[in-house]
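First comes the structure, then the notes that go with it.
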Amino acid sequence: MSELSPSTFKELKSYLGGYVLVKLKGGKGIKGILRSYDQHLNLIVDNAEEIEGESTRALGLILIRGDNVVLISPASK
Amino acid sequence: MSELSPSTFKELKSYLGGYVLVKLKGGKGIKGILRSYDQHLNLIVDNAEEIEGESTRALGLILIRGDNVVLISPASK
Amino acid sequence: MSELSPSTFKELKSYLGGYVLVKLKGGKGIKGILRSYDQHLNLIVDNAEEIEGESTRALGLILIRGDNVVLISPASK
Amino acid sequence: MSELSPSTFKELKSYLGGYVLVKLKGGKGIKGILRSYDQHLNLIVDNAEEIEGESTRALGLILIRGDNVVLISPASK
Amino acid sequence: MSELSPSTFKELKSYLGGYVLVKLKGGKGIKGILRSYDQHLNLIVDNAEEIEGESTRALGLILIRGDNVVLISPASK
Amino acid sequence: MSELSPSTFKELKSYLGGYVLVKLKGGKGIKGILRSYDQHLNLIVDNAEEIEGESTRALGLILIRGDNVVLISPASK
Amino acid sequence: MSELSPSTFKELKSYLGGYVLVKLKGGKGIKGILRSYDQHLNLIVDNAEEIEGESTRALGLILIRGDNVVLISPASK
């Protein structure tokens, strides 16, 4: 049971190794380096920071469960 | 496990390459150029802007996870 | 994985080409001409207007993702 | 993928053709004549009225998507 | 696709014919006689009363959709 | 369609017959003796008490539907 | 029906035996030693503490149901 088609899966490859901003359900965001992802949109993000309004918090190397993801955008460090 | 029937999938083709407004669960919107989509309604949107009330924010080339989508409408730039 | 049985699917045919009011989860409504639908209740609605309380907003030809639909009723223009 | 077992499906037959009150997630109710239903609890309700607190609103012949249904009870006209 | 294993299914048999209190998502409760249930935890409850805080309301013979159920406990009349 | 892998299923055996605290979505808790569970995390809990903030309420022998469970921890009587 | 691909499953191995911070839907967090996990992201966490704002509460050896997990990050004791 995949939630990404093979074509969408490939599109995400261009994000690998770069900084991304991941918006989560509920309004928080995570910024960090996208290390890997799978077809359920589970993400391994390194140097991750949680962003909530103006405040940020370092989280390190994290796993994000795919069903919480709203969108992924490229980000600058 | 597809969430779009083949006929609905085809209907979306007319949106490709043009500006769309994507309304998300929770009330936010995304405006941008629809680059691709799949049968789960995952969307690749370029020149994306997040719209919340009167404020907008540039996001670039983004992936929207399909289960967050409420509706897609054509938009002007 | 269909969310409409064949019998319910057929019942919706009488709505095609006419104005419908689609109530969405979260309380908003969409009014427009039902152009097509599939077994997941994804809807293509033309001349669509978003209705929220007293205010309306023109959206054009839209796709509504089926899992947001609460109910569909016939509507006058 | 059915959400009603055959035995529960049969129990609903006694409601057909009579007035029912359908309670929906989020707190609203729908009263009307149950015309048909399927194994996903999608309902076709005629003479439907939306009930929210003390106010009611006529909706006509409607389709209710089954996953919004909390409960179904018999009702008087 | 069952949501009750056969062993859990059997455990519910002891509730049949007696008064139960069914707690629903969102905080309401239903009290009544458990007439039947299926493997999705859809319930037929007779003499049902909706309980919300201190107020109760008679509903008669109802069907509760299983995915709204939080818990079922025995109750006195 | 199981929601517990066989290894996680086995880990829960050590809780059987002892008092557990079950945290539910929405913030309530249930304390009682874990009598049985299945691979969907449906729980039969005896001597169950509902805990909400400082107040508790006796519920007896209950079934908790697995999809409401956030976590299970051992508890003292 | 797995919610972690084999590659993502392996990535979590580096967390085993160490302290992790698990963020849950709804805003709470759990800190403790990750003892095991499965492909649904069900977690067994030892020495678990619930964290809500500034307050913490000891929970012992707990099972967290995977569908409540937002993210997992390494943590110091």
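Letters A, B, ... mirror the listed sequences (proteins, then strands); counts begin at 1. Quick caveat, the model's predicted, so the values are computed rather than measured.
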Below 4.5 Å from any heavy atom of chain E, which atoms of F:L59 appear? Answer side chain, backbone, both or neither.
-> both

Apply side chain to side chain contact (heavy atoms under 4.5 Å, CB included) to E:I72 and E:L12, showing your working.
-> CA-CA 9 Å; E:I72 305 176; E:L12 266 175; 4.1 Å; yes

Rounded distance [0.5 Å steps], CZ in F:R57 versus OG in E:S73 | 7.0 Å

Counting only heavy atoms closer than 4.5 Å, note whether F:I44 contacts chain E via side chain, backbone, both or neither.
-> side chain

Side chain to side chain donor-acceptor pair (under 3.5 Å) between F:N42 and E:T8, intermediate numbers included | CA-CA 7 Å; F:N42 296 306; E:T8 304; 4.9 Å; no

Any donor-acceptor pair under 3.5 Å linking the side chain of E:K31 with the backbone of E:S76?
-> yes

Among F:N68, F:V69, F:L43, which residue forms the greatest number of heavy-atom pairs with chain E at distances under 4.5 Å?
-> F:N68

Between F:D67, F:D38, F:L24, which shows the greatest number of heavy-atom pairs under 4.5 Å with chain E?
-> F:D38

Report the distance from atom CG of E:L34 to atom CG of E:D46, rounding to the nearest 0.5 Å.
-> 10.5 Å

Measuring heavy-atom distances to chain F, does E:L4 have an atom under 4.5 Å in its side chain, in its backbone, in both, or in neither?
-> both

Neighbours of chain F found in residues 49-56 of chain E - heavy atoms under 4.5 Å | none

Is the ring centre of F:Y15 less than 6.0 Å from the ring centre of F:Y37?
-> no

Given that the side chain runs from C-beta out, which part of E:L41 has a heavy atom under 4.5 Å from chain F: side chain, backbone, both or neither?
-> side chain

Does E:Q39 reach the side chain of E:E3, with side-chain heavy atoms less than 4.5 Å apart?
-> no

Compare all side-chain heavy atoms of E:L21 with those of E:K23 and state whether any distance is below 4.5 angstrom.
-> yes

Side chains of F:V45 and F:I64 in contact at under 4.5 Å (non-hydrogen atoms) | yes

